[in-house]
Peer 1: 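This is the structure, below, for whatever I ask next.
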Amino acid sequence: MKKKISEIFEERFGGHGTFYASAGRINLIGEHTDYNGGFVFPGAIDKVIMAEIRPNDTMTVRVFSIDLNEYAEFGLNEDDKPAQSWARYIFGVCREILKRGGVVHGFDAVFAGNVPLGAGLSSSAALESCFAFALNDLFNDNKIDKFELARIGQSTEHNYCGVKCGIMDQFASVFGQKGKLMRLDCRSMEYEYFPFNPEDYELILVDSAVKHELVDSPYNRRRESCERVARRLGIDTLRDADMEMLNKVKSDITAEDYFRAKFVIEEKQRVLDVCDALNRGDYETVGEKMYETHAGLSKDYEVSCEELDYLNDIARECGVTGSRIMGGGFGGCTINLVKKDLRDKFVKTVVEKFTLKYGHAPKIYDVIISDGASKLE
Ligand code: ADP
Ligand code: MG
(Lines give C-alpha, C1' and ligand atoms only; values in the text may rest on other atoms or scores of the structure.)
(Ligands and ions follow the chains in the order given, each with its own letter.)
Protein backbone atom coordinates (compact mmCIF):
# COMPACT_ATOMS: atom_id res chain seq x y z
CA MET A 1 0.00 0.00 0.00
CA LYS A 2 2.82 2.36 0.93
CA LYS A 3 4.58 1.84 -2.40
CA LYS A 4 1.42 2.53 -4.38
CA ILE A 5 0.70 5.69 -2.38
CA SER A 6 4.26 6.85 -2.84
CA GLU A 7 4.17 6.31 -6.62
CA ILE A 8 0.92 8.16 -7.04
CA PHE A 9 2.05 11.01 -4.79
CA GLU A 10 5.16 11.50 -6.88
CA GLU A 11 3.18 11.35 -10.12
CA ARG A 12 0.54 13.88 -8.97
CA PHE A 13 2.49 16.27 -6.81
CA GLY A 14 6.18 15.55 -7.45
CA GLY A 15 8.63 14.62 -4.69
CA HIS A 16 7.51 13.19 -1.37
CA GLY A 17 5.81 13.93 1.91
CA THR A 18 5.52 12.17 5.26
CA PHE A 19 3.60 8.94 5.81
CA TYR A 20 0.97 8.49 8.49
CA ALA A 21 -1.45 5.70 9.27
CA SER A 22 -4.30 4.93 11.59
CA ALA A 23 -6.38 1.85 12.20
CA GLY A 24 -9.88 0.49 12.30
CA ARG A 25 -11.04 -1.15 15.52
CA ILE A 26 -12.89 -4.02 17.13
CA ASN A 27 -14.70 -4.02 20.45
CA LEU A 28 -14.14 -7.29 22.28
CA ILE A 29 -16.93 -6.82 24.80
CA GLY A 30 -19.03 -4.01 26.32
CA GLU A 31 -21.97 -3.36 24.03
CA HIS A 32 -24.70 -0.73 24.56
CA THR A 33 -22.77 0.30 27.65
CA ASP A 34 -21.44 3.67 26.48
CA TYR A 35 -24.68 5.62 26.94
CA ASN A 36 -25.17 3.92 30.32
CA GLY A 37 -21.90 5.25 31.71
CA GLY A 38 -20.31 1.79 31.56
CA PHE A 39 -17.18 0.33 29.95
CA VAL A 40 -16.21 -0.50 26.40
CA PHE A 41 -13.21 -2.64 25.53
CA PRO A 42 -11.86 -1.85 22.06
CA GLY A 43 -8.54 -2.31 20.31
CA ALA A 44 -7.02 -1.07 17.04
CA ILE A 45 -6.57 -3.66 14.27
CA ASP A 46 -4.17 -4.43 11.45
CA LYS A 47 -6.46 -2.75 8.91
CA VAL A 48 -5.46 0.83 8.27
CA ILE A 49 -5.86 4.05 6.38
CA MET A 50 -2.48 5.29 5.21
CA ALA A 51 -1.64 8.72 3.79
CA GLU A 52 1.33 10.57 2.39
CA ILE A 53 1.03 14.25 3.19
CA ARG A 54 3.08 17.40 2.51
CA PRO A 55 2.31 21.05 3.27
CA ASN A 56 2.01 23.01 0.01
CA ASP A 57 2.49 26.62 1.21
CA THR A 58 -1.01 27.65 0.12
CA MET A 59 -4.35 27.62 1.91
CA THR A 60 -5.73 24.88 -0.35
CA VAL A 61 -5.97 21.18 0.41
CA ARG A 62 -5.46 18.86 -2.55
CA VAL A 63 -6.17 15.24 -1.88
CA PHE A 64 -6.46 12.07 -3.93
CA SER A 65 -8.27 8.91 -2.78
CA ILE A 66 -6.70 5.86 -4.42
CA ASP A 67 -9.48 3.47 -3.47
CA LEU A 68 -12.24 5.67 -4.87
CA ASN A 69 -10.06 7.05 -7.67
CA GLU A 70 -11.30 10.56 -6.88
CA TYR A 71 -9.60 13.90 -6.40
CA ALA A 72 -10.83 16.74 -4.19
CA GLU A 73 -9.61 20.27 -3.68
CA PHE A 74 -10.92 22.60 -1.01
CA GLY A 75 -10.12 25.68 1.05
CA LEU A 76 -10.09 25.79 4.82
CA ASN A 77 -13.03 28.11 5.54
CA GLU A 78 -16.37 26.84 6.82
CA ASP A 79 -18.08 27.42 3.47
CA ASP A 80 -15.44 25.48 1.52
CA LYS A 81 -17.06 22.14 2.42
CA PRO A 82 -16.28 19.71 -0.42
CA ALA A 83 -18.98 17.86 -2.36
CA GLN A 84 -17.49 14.37 -2.04
CA SER A 85 -18.54 12.70 1.18
CA TRP A 86 -15.13 11.04 1.73
CA ALA A 87 -13.42 14.46 1.50
CA ARG A 88 -15.70 15.83 4.22
CA TYR A 89 -14.00 13.61 6.76
CA ILE A 90 -10.70 15.33 5.97
CA PHE A 91 -12.24 18.80 5.66
CA GLY A 92 -14.02 18.22 8.99
CA VAL A 93 -10.79 17.31 10.73
CA CYS A 94 -9.15 20.51 9.40
CA ARG A 95 -12.10 22.63 10.54
CA GLU A 96 -12.28 21.05 13.99
CA ILE A 97 -8.57 21.68 14.55
CA LEU A 98 -8.97 25.31 13.46
CA LYS A 99 -12.06 25.76 15.69
CA ARG A 100 -9.95 24.65 18.65
CA GLY A 101 -7.34 27.31 17.90
CA GLY A 102 -4.96 24.90 16.18
CA VAL A 103 -3.08 25.51 12.95
CA VAL A 104 -3.84 24.01 9.54
CA HIS A 105 -2.48 25.27 6.22
CA GLY A 106 -2.88 23.80 2.76
CA PHE A 107 -1.39 20.39 2.01
CA ASP A 108 -1.20 17.75 -0.69
CA ALA A 109 -2.18 14.21 0.20
CA VAL A 110 -2.68 10.78 -1.31
CA PHE A 111 -4.32 8.05 0.76
CA ALA A 112 -5.58 4.49 0.62
CA GLY A 113 -6.84 1.89 3.06
CA ASN A 114 -7.85 -1.68 3.74
CA VAL A 115 -10.40 -1.17 6.51
CA PRO A 116 -13.57 -2.57 4.98
CA LEU A 117 -16.09 0.25 4.55
CA GLY A 118 -19.31 0.11 6.50
CA ALA A 119 -18.56 -3.34 7.97
CA GLY A 120 -18.50 -2.14 11.57
CA LEU A 121 -14.71 -1.78 11.79
CA SER A 122 -14.88 2.00 11.68
CA SER A 123 -13.05 2.96 8.52
CA SER A 124 -14.29 6.50 9.05
CA ALA A 125 -12.57 6.78 12.44
CA ALA A 126 -9.37 5.42 10.87
CA LEU A 127 -9.57 8.11 8.19
CA GLU A 128 -10.23 10.92 10.67
CA SER A 129 -7.55 9.90 13.11
CA CYS A 130 -4.96 9.40 10.37
CA PHE A 131 -5.42 13.01 9.25
CA ALA A 132 -5.89 14.41 12.76
CA PHE A 133 -2.65 12.79 13.87
CA ALA A 134 -0.83 13.99 10.74
CA LEU A 135 -2.01 17.61 10.93
CA ASN A 136 -1.08 17.71 14.60
CA ASP A 137 2.41 16.57 13.68
CA LEU A 138 2.85 18.73 10.58
CA PHE A 139 1.35 22.03 11.75
CA ASN A 140 1.02 21.93 15.53
CA ASP A 141 4.26 20.47 16.92
CA ASN A 142 2.07 17.67 18.36
CA LYS A 143 0.64 20.12 20.88
CA ILE A 144 -2.91 18.78 20.60
CA ASP A 145 -3.26 15.93 23.10
CA LYS A 146 -4.40 12.51 21.97
CA PHE A 147 -7.81 12.68 23.60
CA GLU A 148 -8.47 15.91 21.77
CA LEU A 149 -7.46 14.22 18.50
CA ALA A 150 -10.13 11.60 19.16
CA ARG A 151 -12.66 14.33 19.92
CA ILE A 152 -11.71 16.11 16.70
CA GLY A 153 -12.64 12.92 14.83
CA GLN A 154 -15.88 12.55 16.75
CA SER A 155 -16.87 16.19 16.13
CA THR A 156 -16.07 15.69 12.45
CA GLU A 157 -18.65 12.91 12.32
CA HIS A 158 -21.19 15.03 14.21
CA ASN A 159 -20.71 18.30 12.37
CA TYR A 160 -19.63 17.34 8.84
CA CYS A 161 -20.83 13.77 8.23
CA GLY A 162 -24.20 13.66 10.03
CA VAL A 163 -23.27 10.75 12.32
CA LYS A 164 -23.96 11.24 16.04
CA CYS A 165 -21.39 8.72 17.25
CA GLY A 166 -19.79 8.22 20.66
CA ILE A 167 -16.06 8.51 21.30
CA MET A 168 -15.08 4.81 21.26
CA ASP A 169 -14.11 4.40 17.60
CA GLN A 170 -11.87 7.45 17.43
CA PHE A 171 -10.45 6.71 20.88
CA ALA A 172 -9.48 3.19 19.79
CA SER A 173 -8.04 4.40 16.53
CA VAL A 174 -5.86 7.05 18.20
CA PHE A 175 -4.83 5.16 21.36
CA GLY A 176 -4.57 1.62 20.01
CA GLN A 177 -1.39 -0.37 20.73
CA LYS A 178 -0.15 -3.66 19.41
CA GLY A 179 -1.17 -6.60 21.61
CA LYS A 180 -3.32 -4.45 23.88
CA LEU A 181 -7.00 -3.79 24.38
CA MET A 182 -8.25 -0.73 26.20
CA ARG A 183 -10.95 -0.55 28.80
CA LEU A 184 -12.50 2.88 28.45
CA ASP A 185 -14.72 4.10 31.24
CA CYS A 186 -17.43 6.02 29.40
CA ARG A 187 -18.32 8.00 32.51
CA SER A 188 -14.93 9.28 33.64
CA MET A 189 -13.12 8.80 30.27
CA GLU A 190 -10.33 7.04 32.16
CA TYR A 191 -8.74 4.16 30.33
CA GLU A 192 -6.44 1.27 31.02
CA TYR A 193 -4.52 -1.09 28.74
CA PHE A 194 -4.86 -4.88 29.08
CA PRO A 195 -2.72 -7.51 27.35
CA PHE A 196 -4.27 -9.26 24.40
CA ASN A 197 -1.67 -11.65 23.00
CA PRO A 198 -3.41 -14.92 22.40
CA GLU A 199 -0.79 -17.30 21.06
CA ASP A 200 -3.22 -20.12 20.37
CA TYR A 201 -6.24 -18.07 19.30
CA GLU A 202 -7.24 -15.73 16.52
CA LEU A 203 -9.91 -13.08 16.20
CA ILE A 204 -12.14 -13.59 13.21
CA LEU A 205 -14.95 -11.30 12.15
CA VAL A 206 -17.82 -12.76 10.23
CA ASP A 207 -19.78 -10.06 8.43
CA SER A 208 -23.34 -11.17 7.73
CA ALA A 209 -23.60 -8.33 5.19
CA VAL A 210 -27.18 -7.75 6.31
CA LYS A 211 -28.53 -4.60 7.88
CA HIS A 212 -32.13 -4.58 9.07
CA GLU A 213 -33.60 -1.09 9.06
CA LEU A 214 -36.41 -1.07 11.58
CA VAL A 215 -39.37 1.27 11.52
CA ASP A 216 -39.20 2.91 14.93
CA SER A 217 -35.74 3.66 16.21
CA PRO A 218 -34.87 0.62 18.32
CA TYR A 219 -31.72 2.32 19.54
CA ASN A 220 -33.64 5.24 21.03
CA ARG A 221 -36.16 2.88 22.62
CA ARG A 222 -33.36 0.94 24.33
CA ARG A 223 -31.88 4.18 25.60
CA GLU A 224 -35.23 5.31 26.94
CA SER A 225 -35.73 2.02 28.81
CA CYS A 226 -32.34 2.41 30.47
CA GLU A 227 -33.02 6.02 31.41
CA ARG A 228 -36.43 5.14 32.83
CA VAL A 229 -34.99 2.44 35.07
CA ALA A 230 -32.13 4.69 36.20
CA ARG A 231 -34.66 7.38 37.15
CA ARG A 232 -36.74 4.84 39.06
CA LEU A 233 -33.60 3.84 40.95
CA GLY A 234 -32.71 7.48 41.63
CA ILE A 235 -29.34 7.28 39.90
CA ASP A 236 -27.83 9.05 36.88
CA THR A 237 -27.06 5.98 34.78
CA LEU A 238 -27.26 2.20 35.11
CA ARG A 239 -23.53 2.23 35.77
CA ASP A 240 -24.44 2.65 39.43
CA ALA A 241 -27.03 -0.12 39.52
CA ASP A 242 -26.67 -3.77 40.52
CA MET A 243 -29.06 -6.72 40.24
CA GLU A 244 -30.17 -6.42 43.84
CA MET A 245 -31.31 -2.84 43.27
CA LEU A 246 -33.01 -3.81 40.03
CA ASN A 247 -34.85 -6.76 41.58
CA LYS A 248 -36.23 -4.49 44.31
CA VAL A 249 -38.09 -2.38 41.73
CA LYS A 250 -38.97 -5.28 39.44
CA SER A 251 -42.69 -5.09 40.20
CA ASP A 252 -42.81 -1.33 39.47
CA ILE A 253 -41.30 -1.46 35.99
CA THR A 254 -42.28 -3.18 32.77
CA ALA A 255 -40.84 -6.57 31.95
CA GLU A 256 -39.21 -5.00 28.89
CA ASP A 257 -37.44 -2.32 30.93
CA TYR A 258 -36.38 -4.95 33.44
CA PHE A 259 -34.65 -7.10 30.86
CA ARG A 260 -32.99 -4.13 29.17
CA ALA A 261 -31.54 -2.98 32.49
CA LYS A 262 -30.55 -6.52 33.43
CA PHE A 263 -28.48 -6.80 30.28
CA VAL A 264 -26.68 -3.49 30.93
CA ILE A 265 -25.89 -4.38 34.54
CA GLU A 266 -24.58 -7.82 33.59
CA GLU A 267 -22.61 -6.49 30.65
CA LYS A 268 -20.76 -4.03 32.88
CA GLN A 269 -19.67 -6.92 35.08
CA ARG A 270 -18.69 -9.04 32.06
CA VAL A 271 -16.24 -6.38 30.87
CA LEU A 272 -14.58 -6.38 34.30
CA ASP A 273 -14.50 -10.19 34.32
CA VAL A 274 -12.87 -10.26 30.88
CA CYS A 275 -10.19 -7.82 32.06
CA ASP A 276 -9.38 -10.09 35.01
CA ALA A 277 -9.30 -13.11 32.73
CA LEU A 278 -6.90 -11.39 30.31
CA ASN A 279 -4.56 -10.50 33.15
CA ARG A 280 -4.41 -14.24 33.86
CA GLY A 281 -4.14 -15.15 30.16
CA ASP A 282 -7.38 -17.09 30.53
CA TYR A 283 -8.89 -16.92 27.04
CA GLU A 284 -11.46 -19.66 27.72
CA THR A 285 -13.22 -17.41 30.22
CA VAL A 286 -13.01 -14.51 27.76
CA GLY A 287 -14.80 -16.72 25.23
CA GLU A 288 -17.52 -17.74 27.69
CA LYS A 289 -18.24 -14.10 28.46
CA MET A 290 -18.53 -13.36 24.74
CA TYR A 291 -21.21 -16.04 24.40
CA GLU A 292 -23.00 -14.63 27.45
CA THR A 293 -22.97 -11.18 25.85
CA HIS A 294 -24.45 -12.60 22.67
CA ALA A 295 -27.23 -14.33 24.61
CA GLY A 296 -27.95 -11.11 26.52
CA LEU A 297 -28.01 -8.99 23.38
CA SER A 298 -30.29 -11.51 21.69
CA LYS A 299 -32.75 -12.39 24.46
CA ASP A 300 -32.71 -9.55 26.99
CA TYR A 301 -31.71 -6.53 24.92
CA GLU A 302 -33.32 -7.88 21.74
CA VAL A 303 -30.97 -6.30 19.24
CA SER A 304 -29.96 -9.46 17.40
CA CYS A 305 -31.54 -10.92 14.28
CA GLU A 306 -31.97 -14.35 12.75
CA GLU A 307 -28.77 -14.16 10.70
CA LEU A 308 -26.57 -13.16 13.64
CA ASP A 309 -28.09 -15.78 15.92
CA TYR A 310 -27.40 -18.33 13.21
CA LEU A 311 -23.74 -17.25 12.99
CA ASN A 312 -23.51 -17.57 16.75
CA ASP A 313 -25.05 -21.07 16.68
CA ILE A 314 -22.61 -22.21 14.01
CA ALA A 315 -19.68 -20.90 16.03
CA ARG A 316 -20.86 -22.85 19.07
CA GLU A 317 -21.38 -26.03 17.06
CA CYS A 318 -17.87 -25.72 15.63
CA GLY A 319 -16.39 -25.42 19.11
CA VAL A 320 -15.32 -21.78 18.70
CA THR A 321 -14.11 -20.38 22.04
CA GLY A 322 -16.17 -17.18 21.99
CA SER A 323 -18.62 -15.50 19.64
CA ARG A 324 -20.95 -12.56 19.79
CA ILE A 325 -22.58 -9.74 17.88
CA MET A 326 -20.22 -6.78 17.55
CA GLY A 327 -21.78 -3.34 17.30
CA GLY A 328 -25.29 -2.02 17.78
CA GLY A 329 -27.00 -5.12 16.37
CA PHE A 330 -29.73 -5.88 13.80
CA GLY A 331 -27.05 -6.99 11.36
CA GLY A 332 -23.35 -6.46 10.79
CA CYS A 333 -20.62 -8.69 12.20
CA THR A 334 -19.99 -11.30 14.81
CA ILE A 335 -16.58 -11.30 16.50
CA ASN A 336 -15.14 -14.75 17.15
CA LEU A 337 -12.30 -15.93 19.34
CA VAL A 338 -11.13 -19.08 17.58
CA LYS A 339 -8.43 -21.63 18.38
CA LYS A 340 -5.82 -21.39 15.62
CA ASP A 341 -6.14 -25.02 14.62
CA LEU A 342 -9.92 -24.60 14.26
CA ARG A 343 -9.73 -21.48 12.10
CA ASP A 344 -9.94 -23.06 8.63
CA LYS A 345 -12.65 -25.52 9.55
CA PHE A 346 -14.74 -22.79 11.18
CA VAL A 347 -14.43 -20.42 8.25
CA LYS A 348 -15.32 -23.15 5.75
CA THR A 349 -18.33 -24.28 7.79
CA VAL A 350 -19.68 -20.82 8.49
CA VAL A 351 -19.38 -19.74 4.85
CA GLU A 352 -21.04 -22.91 3.56
CA LYS A 353 -23.90 -23.00 6.04
CA PHE A 354 -24.69 -19.30 5.93
CA THR A 355 -24.60 -19.18 2.14
CA LEU A 356 -26.89 -22.17 1.90
CA LYS A 357 -29.44 -20.58 4.18
CA TYR A 358 -29.32 -16.93 3.13
CA GLY A 359 -28.15 -17.04 -0.48
CA HIS A 360 -25.06 -14.88 -0.01
CA ALA A 361 -21.69 -15.54 1.56
CA PRO A 362 -20.66 -13.77 4.75
CA LYS A 363 -17.37 -11.87 4.57
CA ILE A 364 -14.48 -13.07 6.71
CA TYR A 365 -11.88 -10.74 8.23
CA ASP A 366 -8.94 -12.00 10.27
CA VAL A 367 -7.80 -9.28 12.62
CA ILE A 368 -4.75 -8.77 14.80
CA ILE A 369 -4.68 -6.20 17.59
CA SER A 370 -2.23 -3.57 16.36
CA ASP A 371 -1.04 0.01 16.69
CA GLY A 372 -3.36 2.96 16.18
CA ALA A 373 -2.41 6.36 14.75
CA SER A 374 1.27 6.83 14.02
CA LYS A 375 3.88 8.46 11.83
CA LEU A 376 5.68 5.99 9.58
CA GLU A 377 9.32 6.21 8.69
P1 ADP B 1 -17.51 2.54 8.87
O2 ADP B 1 -18.40 1.72 9.73
O3 ADP B 1 -16.54 1.71 8.10
O4 ADP B 1 -16.87 3.65 9.63
P5 ADP B 1 -18.85 4.74 7.66
O6 ADP B 1 -20.05 4.79 6.78
O7 ADP B 1 -18.93 5.42 8.96
O8 ADP B 1 -18.47 3.20 7.79
O9 ADP B 1 -17.61 5.38 6.90
C10 ADP B 1 -17.30 4.99 5.61
C11 ADP B 1 -16.91 6.22 4.80
O12 ADP B 1 -15.58 6.62 5.14
C13 ADP B 1 -16.87 5.92 3.32
O14 ADP B 1 -18.14 6.11 2.72
C15 ADP B 1 -15.86 6.96 2.84
O16 ADP B 1 -16.46 8.23 2.70
C17 ADP B 1 -14.88 7.02 4.00
N18 ADP B 1 -13.78 6.05 3.75
C19 ADP B 1 -13.48 4.97 4.52
N20 ADP B 1 -12.42 4.30 4.01
C21 ADP B 1 -12.06 4.95 2.89
C22 ADP B 1 -11.03 4.74 1.90
N23 ADP B 1 -10.20 3.70 1.96
N24 ADP B 1 -10.95 5.63 0.90
C25 ADP B 1 -11.80 6.67 0.81
N26 ADP B 1 -12.77 6.92 1.71
C27 ADP B 1 -12.91 6.07 2.74
MG1 MG C 1 -17.95 5.08 10.72
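Whatever order the structure lists them in is the order used to number ligands and atoms, beginning at 1.
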Peer 1: Please state which protein non-hydrogen atom is closest to atom 14 (O) of ligand 1 and give its distance, to 0.1 Å?
Peer 2: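 Heavy-atom neighbour on the protein nearest atom 14 (O) of ligand 1: Leu117 CD2, 4.1 Å.
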
Peer 1: Do Phe131 and Phe91 have ring centres separated by under 6.0 Å?
Peer 2: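 Not close enough - the centres of the two rings lie 6.0 Å or further apart.
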
Peer 1: Ligand 1 versus Ile66, non-hydrogen atoms closer than 4.0 Å: side chain, backbone, both, neither?
Peer 2: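 Neither part.
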
Peer 1: Using only heavy-atom distances, determine whether the side chains of Asp67 and Ser65 contain a donor-acceptor pair under 3.5 Å.
Peer 2: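 Ser65 and Asp67 do not have a side-chain donor-acceptor pair below 3.5 Å.
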
Peer 1: Donor-acceptor pair, Ser122 side chain versus Arg25 backbone, under 3.5 Å?
Peer 2: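 The answer is no, because no donor-acceptor pair under 3.5 Å joins these two groups.
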
Peer 1: Taking distance alone, with no angle check, do Glu157 and ligand 1 share an N/O pair under 3.5 Å?
Peer 2: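 Checking ligand 1 against Glu157, no N or O pair falls under 3.5 Å apart.
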
Peer 1: Could you list which atoms of ligand 1 come closer than 4.0 Å to a heavy atom of Ser65?
Peer 2: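 Taking each heavy atom of Ser65 in turn, ligand 1 has 24 (N), 25 (C) under 4.0 Å.
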
Peer 1: Answer with side chain, backbone, both or neither: which part of Pro116 has a heavy atom less than 4.0 angstrom from an atom of ligand 1?
Peer 2: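 The answer is the backbone of Pro116.
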
Peer 1: What protein heavy atom is closest to atom 7 (O) of ligand 1, reported as residue, atom name and distance in Å?
Peer 2: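 Minimum-distance protein heavy atom for atom 7 (O) of ligand 1 reads Ser124 OG, 3.1 Å.
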
Peer 1: Taking Pro82's backbone N and O only, do any of them form a donor-acceptor pair with Arg88's side chain (distance below 3.5 Å, no angle check)?
Peer 2: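 Answer holds: yes.
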
Peer 1: Report, in ascending order of atom number, the atoms of ligand 1 lying under 4.0 Å from any heavy atom of Gly118.
Peer 2: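 Near Gly118, meaning under 4.0 Å from one of its heavy atoms, ligand 1 has 1 (P), 2 (O), 3 (O), 8 (O).
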
Peer 1: Side chain or backbone of Asp67 under 4.0 Å from ligand 1, or both, or neither, by non-hydrogen atoms?
Peer 2: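 Only the side chain of Asp67 comes within reach of ligand 1.
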
Peer 1: Under the criterion side-chain hydrogen bond (donor to acceptor under 3.5 Å, both in side chains), I'd like the reasoning laid out for Thr293 against Glu31: C-alpha separation, chi angles, the key distance, then a yes or no.
Peer 2: CA-CA 8 Å; Thr293 292; Glu31 216 62 79; over 6 Å; no

Peer 1: Test your reading of the structure: does Ser123 have an N or O sitting under 3.5 Å from an N or O of ligand 1?
Peer 2: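 By distance alone, the answer is yes.
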
Peer 1: Looking at the Mg ion (ligand 2), is one of the N, O or S atoms of Ser124 less than 2.8 Å from it?
Peer 2: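 For Ser124, the answer is yes, given that an N, O or S atom comes within less than 2.8 Å of the Mg ion (ligand 2).
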
Peer 1: If you have a sec, work out which protein heavy atom is nearest atom 18 (N) of ligand 1 and how many Å separate them, to one decimal?
Peer 2: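 Scanning the protein heavy atoms, the shortest distance from atom 18 (N) of ligand 1 goes to Leu127 CD2, 3.9 Å.
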
Peer 1: Is Lys375 positioned over the aromatic face of Phe19, cation under 6.0 angstrom from the ring centre and no more than 45 degrees off axis?
Peer 2: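 Relative to the ring axis of Phe19, which defines the angle, Lys375 lies outside at least one limit.
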
Peer 1: What is the closest protein heavy atom to atom 24 (N) of ligand 1, and at what distance does it sit?
Peer 2: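 The closest heavy atom on the protein side is Phe111 CE1, 3.5 Å.
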
Peer 1: For a side-chain hydrogen bond (donor to acceptor under 3.5 Å, both in side chains) check, start with the C-alpha distance between Thr237 and Asn36, then their side-chain angles and the critical distance, and finish with the verdict.
Peer 2: CA-CA 5 Å; Thr237 63; Asn36 287 300; over 6 Å; no

Peer 1: Nearest to atom 15 (C) of ligand 1, what protein heavy atom do you find, and at what distance?
Peer 2: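 Protein heavy atom at minimum distance: Trp86 CB, 4.0 Å.
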
Peer 1: Hey, are Arg95 and Asp80 close enough for a salt bridge, meaning a charged N less than 4.0 Å from a carboxylate O?
Peer 2: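 Salt bridge: no.
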
Peer 1: Using ring centroids (six-membered ring only for Trp), state whether Phe111 and Tyr20 fall under 6.0 Å.
Peer 2: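 No, they do not, as the ring centres are separated by 6.0 Å or more.
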
Peer 1: When you measure from atom 11 (C) of ligand 1 to every protein heavy atom, which one gives the shortest distance, and what is it?
Peer 2: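 Heavy-atom neighbour on the protein nearest atom 11 (C) of ligand 1: Tyr89 OH, 3.7 Å.
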
Peer 1: Mark up the atoms of ligand 1 that fall under 4.0 Å of a heavy atom belonging to Leu68, in ascending order.
Peer 2: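 Answer, ordered by atom number: 25 (C), 26 (N).
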
Peer 1: Would you say the ring centers of Tyr301 and Phe259 fall short of 6.0 Å from each other?
Peer 2: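 No.
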
